[in-house]
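A quick write-up on the structure given underneath.
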Amino acid sequence: MTTMTSAALESQPAIAVRDLTVAYNDRPVIWDLDLDVPAGVLMAIVGPNGAGKTTLIKAMLDLVRPAAGQVEILGQPYRKSRDRVGYVPQRGSVDWDFPTNVLDVVQMGRYGALGWIRRPGNRERELALEALDKVSMGEFADRQISQLSGGQQQRVFLARALVQNADVYLMDEPFQGVDATTERAIITLLKELRSEGKTVVCVHHDLQTVPDYFDWVALLNIRKIASGPVSEVYNETNLRLTYGGRVAFLSRDAAAPATAQAAVEED
Amino acid sequence: MFDLSTAQMEIQLVAIVVAVACALVGVFLVLRQMAMMSDAITHSILPGIVVAFFIVQDLSSPFLIIGAAATGVLTVSLVELLERTRLVREDAAIGIVFPALFSIGVILIARFARGIHLDLDVVLLGEIAFVPFNRTEIFGIDLGPTALVMMSVILLINLIFILLFYKELKLATFDTGLAAALGFSPALIHYGLMSLVSVTAVGAFDAVGAILVVALIVGPPAIAYLLTDQLRLMLVYSAGIGVVVAVLGYWMARMLDASIAGSMASMVGIIFVVAYLLAPQRGLVASYLRRRRQRWEFAGIMLAIHLFNHEGLPSAEQENRVEHLQDHLNWNPDFADRAVRWAERNRIIVRRNSHLFLTEEGREQAREAIVR
């Protein structure tokens with residue numbers, strides 16, 4: 001773990017966030033954030049509601065204009081590294097009654113590579129079917145998207161990101177509201193991406209699963225509380241700093257607080 | 001039966017071209033849940049038309065279209081500006097912006113354009129019957145009614161825009177965030193579409209008036225949405241419904257001796273009600289039939305499970321009698337009778353001497369239902 005970690009730190013970070021401040025109407029959502037995401041990690045962004053997790057992802061993708069600071073992905077500003085970045089927005093951010101089918105939505109992942117005006121063809125279709133197979137949704141290609149369950153919607157979004165064939169993936173709550181089978185399928189896929197050397201960043205809510213799923217973590221609450229390898233920074237002190245007093249800790253082993261598991265009390 | 005004069009043909013052609021042009025851009029407005037924006041645009045283009053008219057002094061000048069289209073885009077920007085303050089929501093912002101602009105237009109006409117041929121009634125309701133009188137000539141050759149020439153050009157522009165940017169429009173409508181992340185400027189697509197809506201509304205107001213344009217922009221796409229779940233077909237159906245609305249609306253007006261624009265808008269309402277009732281998947285009748293079928297399917301499965309649970313037990317002799325269904329399942333005799341007949345028809349059970357037995361198929365279905 002440590003050797004891999006130091007190796008990751010030495011090379012150029014996949015994502016470098018410098019002095020990032022984002023505000024909506026003078027209300028800061030992210031305060032002066034510095035964050036390095038080493039290449040090849042599977043990273044969780046955790047923090048309470050309103051901590052700026054989604055905003056951070058959006059700032060990385062140039063979807064919100066920062067008040068200060070900058071983000072570089074693979075050593076370049078986003079608009080230059082765009083075709084190496086895959087994006088999975090929150091499932092609830094789109095209208096699933098839109099008149100189209102699964103295959104069509106997955107092909108949208110290729111639109112960036114196609115550019116303006118050019119239409120998707122056979123190649124795009126094949127890539128989309130391949131990606132659907134990877135998320136075990138091959139037989140749903142012709143299904144109307146309005147007929148999908150929450151877990152299936154999430155897999156379709158994941159397949160859409162896969163066809164982008166990116167080096168860096170930014171995912172906003174990929175595990176939100178999915179069934180246990182889908183959750184296992186998604187994490188297997190994310191680990192596969194990591195083993196292919198890709199960098200995956202997920203906004204994540206389930207504090208219990210962080211140590212099992214991720215090897216890198218950023219704790220965020222408007223400012224950065226900590227970031228680094230899960231084994232080093234995912235501990236009770238940092239979680240308490242991030243969530244305030246609203247965290248109940250279920251230490252599996254009191255002698256090893258680094259592997260402490262935590263659960264957020266419901267508000 | 002009917003003797004079609006050239007004028008009648010021309011009026012219907014104009015109506016068709018107007019309806020199709022509106023129906024095409026309308027699809028994306030409806031899908032973006034911005035249908036009411038068409039209401040705002042069609043009203044607020046009035047001051048644009050008036051001001052442009054003061055400048056060029058010609059009601060059929062293309063500058064009128066440009067002036068009005070600019071006001072339409074201005075309306076959209078003002079609504080979004082208000083919305084961004086987070087002090088008012090979109091619907092309220094629309095309700096503030098368009099009456100303000102519209103009333104400016106009304107005052108301008110009342111104060112300065114009295115006596116000139118810029119009639120408020122015409123602006124609001126249009127007069128498609130007069131369309132053949134106003135003709136466009138180039139080098140002395142009659143190209144047809146000005147409205148027809150103008151709307152054909154606008155329809156062509158709409159078609160080209162949608163065909164060229166179909167993929168971009170679809171992506172930006174379905175998932176704005178991804179569109180922006182992939183480098184397709186959703187704002188550019190948005191304002192491109194809004195400009196088209198404005199231009200279409202200006203072109204159409206001459207024929208059907210500012211208010212009834214809304215019916216043609218929102219109606220056919222909303223009907224098409226009931227009939228299909230493919231965007232491509234939704235565009236085709238929407239255009240087709242536009243044609244039907246134009247032709248039937250015209251003939252309804254002829255028969256009732258009523259306003260053509262009014263009849264077209266009423267036709268939109270009538271077709272919507274018919275589609276709402278009879279649409280193959282989402283219509284009321286279809287969902288009623290579906291619910292009824294599901295009710296019998298469920299009753300059949302209940303019956304199968306009941307028989308399955310008692311199969312081979314000593315109690316089976318008692319439990320599988322038709323009369324006992326009433327006591328044990330608490331079904332009324334009529335319902336029990338119909339459920340049994342449904343199950344027989346679908347080969348879930350067979351009846352022998354008023355005793356019910358599962359078929360192999362019924363046993364399989366019961367087993368599946370229980371396991372799941």
### Query
Near A:Tyr24 OH, under 6.0 Å, is it more than 12 heavy atoms from other residues, nucleotides or ligands?
yes
### Message
Counting only heavy atoms from other residues, nucleotides and ligands, does the tally under 6.0 Å from CZ of A:Arg18 exceed 12?
### Response
yes
### Query
How about B:Phe174 and A:Asp95: do any of their side-chain heavy atoms sit closer than 4.5 Å?
no
### Residues of residues 68-92 of chain A near chain B, each having a heavy atom less than 4.5 Å away
A:Tyr78, A:Arg82, A:Tyr87, A:Pro89
### Task
Among the options B:Glu168, B:Arg232, B:Gln230, pick out the one with the most heavy-atom pairs lying under 4.5 Å from chain A.
B:Glu168
### Message
For residues 158-167 of chain B, give me every residue with a non-hydrogen atom less than 4.5 Å from any non-hydrogen atom of chain A.
### Response
B:Leu163, B:Leu164, B:Phe165, B:Tyr166, B:Lys167
### Query
Does any non-hydrogen side-chain atom of A:Thr100 lie less than 4.5 Å from one of B:Leu231?
no
#### Entry: Other residues, nucleotides, ligands: >12 heavy atoms within 6.0 Å of A:Arg125 CZ
no
### Query
So which part of B:Leu169 gets closer than 4.5 Å to some heavy atom of chain A, the side chain, the backbone, both or neither?
neither
### Residues in residues 271-285 of chain B near chain A [non-hydrogen atoms, under 4.5 Å]
none
### Query
So with a 6.0 Å cut-off around CZ of A:Arg119, is the heavy-atom count from everything else above 12?
yes
#### Entry: CG-OH distance between B:Leu182 and A:Tyr111, expressed to the nearest 0.5 angstrom
10.5 Å
### Summary
Filtered by a 4.5 Å non-hydrogen cutoff, the part of residues 131-160 of chain A contacting chain B is A:Gln144, A:Ile145, A:Phe157, A:Arg160
### Query
Side chain, backbone, both or neither: which part of A:Gln107 has a heavy atom under 4.5 Å from chain B?
neither
### Message
Can you give me the closest heavy-atom contact between A:Leu61 and B:Ala181, atom names plus distance?
### Response
CD2-CB, 4.3 Å
### Summary
d(B:Leu31 CG, A:Asp97 CG) to nearest 0.5 Å is 10.5 Å
### Query
Can you tell me if NZ on A:Lys53 sees more than 12 non-hydrogen neighbours from other groups inside 6.0 Å?
yes
### Query
chain B heavy atoms under 4.5 Å from A:Ile117: which part of the residue, side chain, backbone, both or neither?
both
